Structure formats: structure tokens, C-alpha cells
Amino acid sequence: IQINSSGTATEAEKLIGQVIILKNITQFRELDLAKTNFIATISHELKTPIASIKMSLKLLRDHRIGAVNQEQQKLMEHITEDSDRLLRITGELLNLAQVETGNIQLHYRQTQPAEIIHYATQAILFQAEQKQVKLETNLPNELPPVNCDLEKTAWVLVNFLSNAIRYSPDQARIIISAGYVTSASNRFVRFSVQDFGRGIDARYKDRIFDKFFQVPDADSIKGGTGLGLAISKEFITTQGGTIWVESELGEGSTFSFRLPVI
Ligand code: ADP
């Protein structure tokens, strides 16, 4: 838009400006979709060779190919850890592609909050044991069921728990809780994971749910992808819920979501 001598654009100029912006947005969406499809294809293609590496490793580790010495054993442990990480990253990329193309398959059913928490804690036990974390559960007796997809909802809790473990010192305390929240017109169940780890700088709190965002420090970048919370947000909002974080730098964080009771 050209601004005239009085400093304002004419109506016609404004209209042309709007058309140009709309065209740009459409092109941007097309590009974004092409990128998402590319991510989906690549991550899908990567899954098979990684699974095959893991299978060969298992044969070696079970000593089916012959005995291995201590050094070889250590190397195999490293390869196992790295291939697990690769598998996690490709899984997250596939999840992301699913949510971005609106292809999330949700299997709704009335689910007890205790079942979701049990499902998630079982999935995280190994990681928790490795850092000797003390997992505490604080769950009231009488909570109504929520209408949700068990796997996707538990996935979000697992992601919260996995982060809480990664960003806390060894032997840390982590509390999983749930509670009933009512307002004049709505009823919800809230799920929270509280840690006493390093916390999050207020500057970054709004951005950690963005795709690929990681707090710029060595700990974050070393282990993760910056996708977990972005996918979590999509999983919760598509189920009609809300997700948020409260955190104090150096004190710890509480990640929560709530889902409607229907
Ligand atoms: P990542 O795979 O990097 O953990 P996430 O999307 O799960 O990706 O998290 C985004 C960023 O938010 C992380 O890189 C980390 O900097 C920060 N973060 C997430 N959870 C916590 C936590 N419990 N304590 C401190 N920082 C956290």
C-alpha cells in the first residue's frame, strides 16, 4: 500500500493490500502442508530401518550370535539408547504431522482419571527408576469419569512426567495429582504433574508450547525435540480441554491440563 500525502491509504489501496495478504497466507498454508506431509513421509520411512537396527541389536545382546566382551556390551547399550531416542523422535514427528493435517484419530470413551494416571505411570516407571525419582500420586477418591481418548491423554501425562524427570535432579520428588473443578456452567477434571526441578524462566513460559521451541540451554537441547508440549497442546485442545504451566525459576514447575466432564 502506498501511503498518500495525508499519511493514509485510500480504500482501493487497502483492498489491494488485503488481497495480496490473503494470497500470501494461502501460499504459506500450502507450503506448510507440503512440509508436514514431507515430515510424515520421512518419519514413516525412518521407522522401519530403526526397528531393524533394534532387532539386530537384540540378537547381539541375547548373545545369539556369540559371546561379546564388556566393551562391546557397552557399545551396544549406547546404540540401544540412541536408537530408542531416534524412535521417540520419529514417533513425535509422526504425531505432529497427524495433528497438523487434522488426522488425529480419537477413540472417545468414558474414562476414570485413575485409569489414565495408572496407564501413564506404568509407561514412565523405567525412566523414573533410572533416576530414582519418587513418584507420588495425589488422587481424591470420588472423581467423575472424563470422555476422552485414553492413549492420547495418557501420552500427555507421560510427556509431562518425562520432562519433570529430565529437568529435575536424581532422587527428586514428583507429584501427580487430579482434582474436580466446577464453574457455573462447566465441570472439569484437572490433571497436574508437579516437579521441584530447575523451573522455567518467565520469558519462555508462553513459548514452550510452540513447535520446536526449547529453552536455550544445554539440558533442553541435549535430550529433546521441542515437540512434546506442542503435540500435548493439540491432543488436549482437540478434546475440548485446556493446558497450562505454572513455574518459578529454580523452584520447579507444575504442568496441568483439564478435560470436560460430559
Ligand atoms: P523437549 O523434547 O525439548 O523436552 P518439550 O516440548 O517437551 O520438548 O518441552 C519444551 C521445552 O520446555 C524443553 O526443551 C524445556 O526447556 C522446557 N521444559 C519442559 N518441561 C519442563 C520442566 N518440567 N522443567 C523445566 N523445563 C521444562
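Values in this document were obtained by computation on a predicted structure and should not be read as measured data. Each ligand, and each atom within it, is numbered from 1 in the order the structure gives. Computed from heavy atoms alone, side chains included, the values below leave out hydrogens, waters and symmetry copies.
- For NZ of Lys233, the number of neighbouring non-hydrogen atoms (other residues, nucleotides, ligands) closer than 6.0 Å is 12 at most.
- Which of Tyr167, Phe212, Phe160, Phe209 comes nearest to atom 15 (C) of ligand 1 through a heavy atom is settled by distance: it is Tyr167.
- Heavy-atom proximity to Thr225, at under 4.0 Å, picks out these atoms of ligand 1: 1 (P), 2 (O), 3 (O).
- With hydrogens and angles ignored, the 3.5 Å screen pairs no side-chain donor or acceptor of Asp149 with any backbone N or O of Tyr108.
- Atoms of ligand 1 lying under 4.0 Å from any heavy atom of Ser253, numbered from 1 in the order shown and given with element: 24 (N).
- Around atom NZ of Lys74, no more than 12 heavy atoms belonging to other residues, nucleotides or ligands sit under 6.0 Å away.
- Residue contact check: Leu229 has heavy atoms under 4.0 Å from atoms 5 (P), 6 (O), 7 (O), 9 (O), 10 (C), 19 (C) of ligand 1.
- Nearest residue to atom 4 (O) of ligand 1 from Leu161, Ile89, Leu227, Asn163 is Asn163 (criterion: closest heavy atom).
- Inclusion of Ile200 in the set of residues having an N or O under 3.5 Å from an N or O of ligand 1 is not warranted.
- Numbered from 1 in the order shown, with element, the atoms of ligand 1 that lie under 4.0 Å from a heavy atom of Phe213 read 10 (C), 11 (C).
- Taking the six-membered ring for Trp and thresholds of 30 and 60 degrees, Phe160 and Phe257 have ring planes inclined between 30 and 60 degrees apart.
- Which of Ser168, Gly226, Gly228 comes nearest to atom 1 (P) of ligand 1 through a heavy atom is settled by distance: it is Gly226.
- If you check the side chains of Thr225 and Glu92, you find a donor sitting under 3.5 Å from an acceptor.
- Between Val189 and Ala178, the closest heavy-atom pair is CG1-CB, 4.5 Å.
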Between Ser247 and Ser253, is a side chain to side chain donor-acceptor pair (under 3.5 Å) present by the stated rule, with each step listed?
CA-CA 4 Å; Ser247 185; Ser253 315; 2.9 Å; yes
Step by step, would you call Ser83 with Arg85 a side chain to side chain donor-acceptor pair (under 3.5 Å)?
CA-CA 5 Å; Ser83 44; Arg85 182 157 175 243; over 6 Å; no
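- Taking every non-hydrogen atom of Val215 and a distance limit under 4.0 Å, the qualifying atoms of ligand 1 come out as 14 (O), 16 (O).
- The Gly199 neighbourhood of ligand 1 comprises atoms 25 (C), with distances under 4.0 Å to a heavy atom of that residue.
- Taking a 4.0 Å cut-off on heavy atoms, Glu92 fails to register as neighbouring ligand 1.
- Contact annotation: for Phe255 versus ligand 1, heavy atoms closer than 4.0 Å belong to the side chain alone.
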